[in-house]
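What follows is a short report on a single structure.
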Amino acid sequence: MEQDISGELETILFYPDVNRDIQFVFYVTSVSKDKNEKKFIESVIKKTADKNRLKISFSKDEQMLSTDSFYNKVNIGIIKLNTAYTKLVKNKFLGDKSIERVVSSELSIEISTNLEETKVKDKILTSYKGEIPYESYENFETGEYSFTQSIPPNISWFETIIFPAVIVTVSAAATILFFIIRSK
């Protein structure tokens with residue numbers, strides 16, 4: 001997700017109308033008011049700026065910097081950051097299981113001059129779909145970012161309840177029969 005957002009952001013920052021010789025001042029907001037989403041996007045912005053040697057800063061409010069300096073004003077609105085486990089891909093009975101994981105994002109971005117002349121108004125939409133092991137899906141989630149967490153699809157009740165109960169019953173019956181036959 002980070003690489004996809006960074007690539008899309010990089011493309012937008014290098015539009016022809018955007019002057020990259022002056023500073024970019026970012027103001028990031030989240031529809032869900034999640035501070036960790038904001039922190040994640042700011043981290044992606046910093047890495048993208050470092051990679052492309054852009055001068056950046058972050059604003060705490062929409063007022064940004066003073067009007068006596070010249071800069072690119074960048075408003076980024078986090079509409080959606082989401083992880084979903086959509087279905088079981090591989091479901092071998094009592095064997096390997098894997099699930100499909102879809103990680104998606106939707107961001108609005110507006111770049112203007114500090115004089116309110118809009119240069120770019122666009123959206124960043126990313127979606128990544130992959131297969132991960134069911135047993136270790138927690139390793140792909142980060143406690144710090146709630147948008148990386150989701151509920152996996154359920155394994156069938158037969159495999160989780162009935163089959164283990166049958167195995168225990170058969171084992172107990174075999175053990176009892178073994179001792180009954182041996183004692184005679």
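These numbers come from the heavy atoms of this one structure, side chains and all, not from hydrogens, waters or symmetry mates. Keep in mind it's a predicted model, so treat the numbers as computed, not measured.
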For this session: Could you check Glu8, Glu106, Glu110 and say which one makes a salt bridge (Lys or Arg N to Asp or Glu O under 4.0 Å) with Lys123?
Result: Glu106

Exercise. Does Pro153 reach the side chain of Lys87, with side-chain heavy atoms less than 4.5 Å apart?
Worked result: no

Exercise. Any idea which heavy atoms bring Asp34 and Asn36 closest together, and the distance?
Worked result: OD1-N, 2.9 Å

Exercise. Minimum heavy-atom separation for Phe24 to Asn19, with atom names?
Worked result: CZ-O, 4.1 Å

For this session: Indicate, with yes or no, if Ile12 and Leu125 share a hydrophobic cluster defined by side-chain heavy-atom contacts under 4.5 Å among Ile, Leu, Val, Met, Phe, Trp and Tyr.
Result: no

For this session: Give a yes or no answer on whether the side chain of Thr175 reaches the backbone of Ser171 with a donor-acceptor pair at less than 3.5 Å.
Result: yes

Problem set entry | Closest approach of Ile76 to Ile45 (non-hydrogen atoms, all atoms of both residues) | CD1-CD1, 3.6 Å

Exercise. When rounded to the nearest 0.5 angstrom, what distance separates CG in Asn75 from CG in Leu107?
Worked result: 13.0 Å

Exercise. What pairs meet the ring-ring contact (aromatic ring centres under 6.0 Å, His included) rule with one or both residues in residues 130-155, with sequence neighbours excluded?
Worked result: Phe40-Tyr145, Phe40-Phe147, Tyr85-Tyr137, Tyr145-Phe147

Exercise. Are any of the side-chain nitrogens in Lys97 or Glu135 under 4.0 Å away from the carboxylate oxygens of its partner?
Worked result: no

Exercise. If you group Ile, Leu, Val, Met, Phe, Trp and Tyr by side-chain heavy-atom gaps below 4.5 Å, do Val18 and Phe58 land in one group?
Worked result: yes

Problem set entry | Spacing of Asp17 atom CG and Thr118 atom OG1 [to the nearest 0.5 Å] | 11.0 Å

Seminar exercise, completed: dist Glu100:CD -> Leu88:CG (nearest 0.5 Å) comes out at 10.5 Å

Problem set entry | Point-to-point distance, once rounded to the nearest 0.5 Å, from NZ of Lys55 to CG of Asn72 | 10.0 Å

Exercise. Where is the tightest heavy-atom contact between Ile79 and Val31, given as atom of each residue plus distance?
Worked result: CA-CG2, 3.9 Å

Problem set entry | Student check: side-chain heavy atoms of Arg20 and Leu13 closer than 4.5 Å | no

Problem set entry | For Asn52, side chain to side chain contact (heavy atoms under 4.5 Å, CB included) partners two or more places apart | Glu10, Phe14, Thr48, Leu54

For this session: State whether the number of non-hydrogen atoms from other residues, nucleotides or ligands found under 6.0 Å of Gln3 atom CD is greater than 12.
Result: no

For this session: Walk me through it: do Tyr27 and Val25 pass the test side chain to side chain contact (heavy atoms under 4.5 Å, CB included)?
Result: CA-CA 7 Å; Tyr27 178 63; Val25 179; over 6 Å; no

Exercise. Are there more than 12 heavy atoms of other residues, nucleotides or ligands under 6.0 Å from atom OH of Tyr128?
Worked result: no

For this session: Using only heavy-atom distances, determine whether the side chains of Asp4 and Ser105 contain a donor-acceptor pair under 3.5 Å.
Result: no

Seminar exercise, completed: Minimal heavy-atom distance between Thr83 and Ser150, with the atoms involved, is O-CB, 3.2 Å

Exercise. Which atom pair, heavy atoms only, marks the closest approach of Glu141 to Thr148?
Worked result: CG-O, 3.2 Å

For this session: Calculate, to the nearest 0.5 Å, the distance between atoms CE and OG belonging to Met1 and Ser127 respectively.
Result: 9.0 Å

Exercise. Rounded to the nearest 0.5 Å, how far does NZ of Lys38 lie from CD1 of Ile78?
Worked result: 8.5 Å

Exercise. When you look at Lys129 and Val102, which way does the side chain to side chain contact (heavy atoms under 4.5 Å, CB included) test go after all the steps?
Worked result: CA-CA 4 Å; Lys129 193 181 286 188; Val102 178; 3.9 Å; yes

Exercise. How about Ile151: does its CD1 atom have over 12 heavy atoms from other parts shown lying under 6.0 Å from it?
Worked result: no

For this session: Run the numbers on Lys46 and Ile56 for side chain to side chain contact (heavy atoms under 4.5 Å, CB included), then give the verdict.
Result: CA-CA 8 Å; Lys46 286 176 189 172; Ile56 68 162; 4.2 Å; yes

Exercise. With sequence neighbours excluded, what pairs up with Glu37 under the side-chain hydrogen bond (donor to acceptor under 3.5 Å, both in side chains) test?
Worked result: Ser30, Ser32

